[in-house]
Amino acid sequence: MTWNRNRLTEKLGIDYPIIQGPLGGLSSQRLTAAVSNLGGLGSFGALSLSPEEIKNVISQIRSLTSKPFALNLWVSMEDDGAHSSDEAAFNRSLAPLASYFAELQAPRPQYRPYSPSRFEDQARILLEEKVPVFSFIFGIPPKEILDECRAKGIVTIGTATTPDEAVAVQEAGVDAIVASGFEAGGHRGSFLRAAEDSVTGTFSLVPRIVDVVDVPVIAAGGIADARCVISAFALGAEAVQMGTAFLTCEESGASRIHRETLMQRKAEFTGLTKAFTGRLARGIQNRLMSELEQERAEILPYPLQRMLVRNLSIAAEAAGRADLMPLWAGQSANLSTCTEVSVFLNSLVEEVSEIADPLTEWSAKRRQKK
Ligand SMILES: Cc1cc2nc3c(=O)[nH]c(=O)nc-3n(C[C@H](O)[C@H](O)[C@H](O)COP(=O)(O)O)c2cc1C
């Protein structure tokens, strides 16, 4: 046995159990394909794309790699109240942002009625295009969609932030489960309890999930270098999913200012907030996060708050103002060294290979004894 070969790598058809996590909004076809070409599994977060855009993304990724890759969707795409939220609520939530728009000399966004997108319409494209891997977060897709994935040979990966969620995802018949710890950058994809009550760290969450499911577990959250990868295998994971570590790579869809900030000392301090999108998510603590948290501003239901703050983010990015934009990051951002995917992945694989074999054998035996 070698550390990089297990039932999951076999199922996925990849050389290394290293997954570049979907980076919804900051994914890039280049990054996804680069990771897959190097033997890992690249993922593309397509949550905010229309079916037509998703189709184009899949074809672009396919033009860059013949290896397996994952497309990722959010099963639950809106929170209660999104439909009934009106212009008055929009103006109340815009009020605490108004001074930032003025500071950036950017026009304030205008209210527009909510026009929802449907998960089922997005998923239809993944099925039609027979993507190699369909990963999802924030819930479990309807049975018919998962049945069709199985019939078409599409590997499915669900996401859990608690052992209960992992059991529910396994019961739905998925092929693997991402155990997403508190440290992770981006959104907490909880769906059985409130995200605020589903905040277990990776070190506690992974073994607890490994103990209650039979399908392979993929550890996510705070994993950024060889030490973290090896620890995840020791905890019983059969693969790792890294997000922030890939965000810093030149190939990612993150802006230069975001990538540079991730490498700075200030990335050591991250926080969870609902103020950026309406759902709990982790980013670097900057002026925008702390002032909105302090103000206890009225937050629109997801995804309306996300759309509102996005206007500010675009203006801040254009002005080079890292203090006024969401800077998504996990707690291990300061461990990130990647500026180029090939250099990062090759050295990660080399380092892990030096020590991982005896450990993964031991871990596999322990799982069998369960
Ligand atoms: C900017 C950003 C966007 C993300 N978007 C998604 C997403 O759309 N879907 C998803 O399943 N996970 C998403 N994630 C989670 C990552 O795929 C990954 O599981 C997580 O980043 C792992 O934790 P780490 O950031 O500590 O490496 C996102 C993470 C970040 C940082």
Parallel, tilted or perpendicular, judged at 30° and 60°: which one describes the rings of Trp74 and Phe138? tilted
Would you mind reporting whether [Y] and [X] have side-chain heavy atoms less than 4.5 Å apart?
X	Y	value
Phe182	Thr202	no
Arg62	Phe69	yes
Leu280	Glu196	yes
Leu71	Ser135	no
Asn72	Leu47	no
Val352	Trp3	yes

State, to 0.1 Å, how close [X] and [Y] come at their nearest heavy-atom pair, and which atoms those are.
X	Y	value
Ile140	Ala172	CG2-CB, 3.5 Å
Leu247	Ala254	O-CB, 3.9 Å
Ala322	Leu327	O-CD1, 3.2 Å
Leu104	Ala319	CD2-CB, 3.8 Å
Ile209	Pro163	CG1-CA, 3.9 Å
Leu262	Ala267	O-CB, 3.4 Å

Go through it in stages, so that I can follow the logic: the residues are Ile18 and Leu41, the test is side-chain contact (heavy atoms from CB on, under 4.5 Å), and I'd like the CA-CA distance, side-chain angles, deciding distance and then a yes or no. CA-CA 6 Å; Ile18 297 173; Leu41 183 76; over 6 Å; no
Looking at Trp362 versus Phe233, is the centre-to-centre ring distance below 6.0 Å? no
Report yes or no: is the cationic atom of Arg306 (NZ for Lys, CZ for Arg) under 6.0 Å from the centre of the six-membered ring of Trp328, at an angle within 45° of the ring normal? no
Using the six-membered ring of Phe276, assess whether NZ or CZ of Arg310 lies under 6.0 Å from its centre and within 45 degrees of the ring axis. no
Verify, without hydrogens or angle tests, whether [X] (side chain) and [Y] (backbone) share a donor-acceptor contact under 3.5 angstrom.
X	Y	result
Asn286	Met325	yes
Ser36	Gly42	yes
Thr360	Ala356	yes
Arg321	Ser313	no
Gln122	Leu49	yes
Ser332	Leu335	no
Ser27	Phe44	no
Ser336	Ala333	yes
Ser43	Gln20	yes
Gln170	Val215	yes

Do [X] and [Y] have side-chain N/O donor and acceptor atoms under 3.5 Å apart?
X	Y	answer
His258	Glu317	no
Gln60	Gln29	yes
Ser290	Glu293	no

For Thr2 and Asp357: C-alpha separation, side-chain torsions, deciding distance, then whether side-chain hydrogen bond (donor to acceptor under 3.5 Å, both in side chains) applies. CA-CA 5 Å; Thr2 51; Asp357 275 350; 5.1 Å; no
Check [Y] with [X], please: is the shortest side-chain N to carboxylate O separation under 4.0 Å?
X	Y	answer
Arg193	Asp197	no
Glu87	Arg112	no
Glu128	Lys55	no
Glu183	Arg282	no

How about [atom1] on [X], more than 12 heavy atoms from neighbouring residues, nucleotides or ligands closer than 6.0 Å, or not?
X	atom1	value
Arg150	CZ	yes
Asp80	CG	no
Tyr111	OH	yes
Lys152	NZ	yes

When you look at Ile177 and Thr159, which way does the side-chain contact (heavy atoms from CB on, under 4.5 Å) test go after all the steps? CA-CA 5 Å; Ile177 299 171; Thr159 308; over 6 Å; no
Can you list the steps and then say if Met242 with Phe344 is a side-chain contact (heavy atoms from CB on, under 4.5 Å)? CA-CA 12 Å; Met242 293 187 267; Phe344 173 65; 4.3 Å; yes
Nearest 0.5 Å, what's the [atom1]-[atom2] distance between [X] and [Y]?
X	Y	atom1	atom2	value
Ser231	Ile223	OG	CD1	8.5 Å
Ser204	Leu235	OG	CG	9.0 Å
Gln331	Phe269	CD	CZ	11.5 Å
Phe136	Leu126	CZ	CG	11.5 Å
Ser93	Leu308	OG	CG	6.5 Å
Arg92	Leu94	CZ	CG	12.0 Å

Chi angles and distances behind the salt bridge (Lys or Arg N to Asp or Glu O under 4.0 Å) call for Asp121, Arg124: CA-CA 5 Å; Asp121 297 338; Arg124 174 68 20 225; over 6 Å; no
Does the side-chain contact (heavy atoms from CB on, under 4.5 Å) test come out yes or no for Ile157 and Asp175, once each step is laid out? CA-CA 6 Å; Ile157 301 179; Asp175 296 303; 5.8 Å; no
Contacts of Asp79 that satisfy salt bridge (charged side-chain N to carboxylate O under 4.0 Å, His left out) - sequence neighbours left out: Arg279
What pairs with Glu238 under salt bridge (charged side-chain N to carboxylate O under 4.0 Å, His left out), at least two apart in sequence or on another chain? Arg7, Arg367
Result for side-chain contact (heavy atoms from CB on, under 4.5 Å) between Pro141 and one of Leu146, Val174, Asp147, Thr156 points to Leu146
Any chance you could lay out the salt bridge (Lys or Arg N to Asp or Glu O under 4.0 Å) test for Arg287 and Glu103, step after step, and finish with the verdict? CA-CA 13 Å; Arg287 179 178 155 207; Glu103 200 176 319; 2.9 Å; yes
Step-by-step side-chain hydrogen bond (donor to acceptor under 3.5 Å, both in side chains) determination, Glu53 to Ser50: CA-CA 5 Å; Glu53 287 167 330; Ser50 68; 3.3 Å; yes
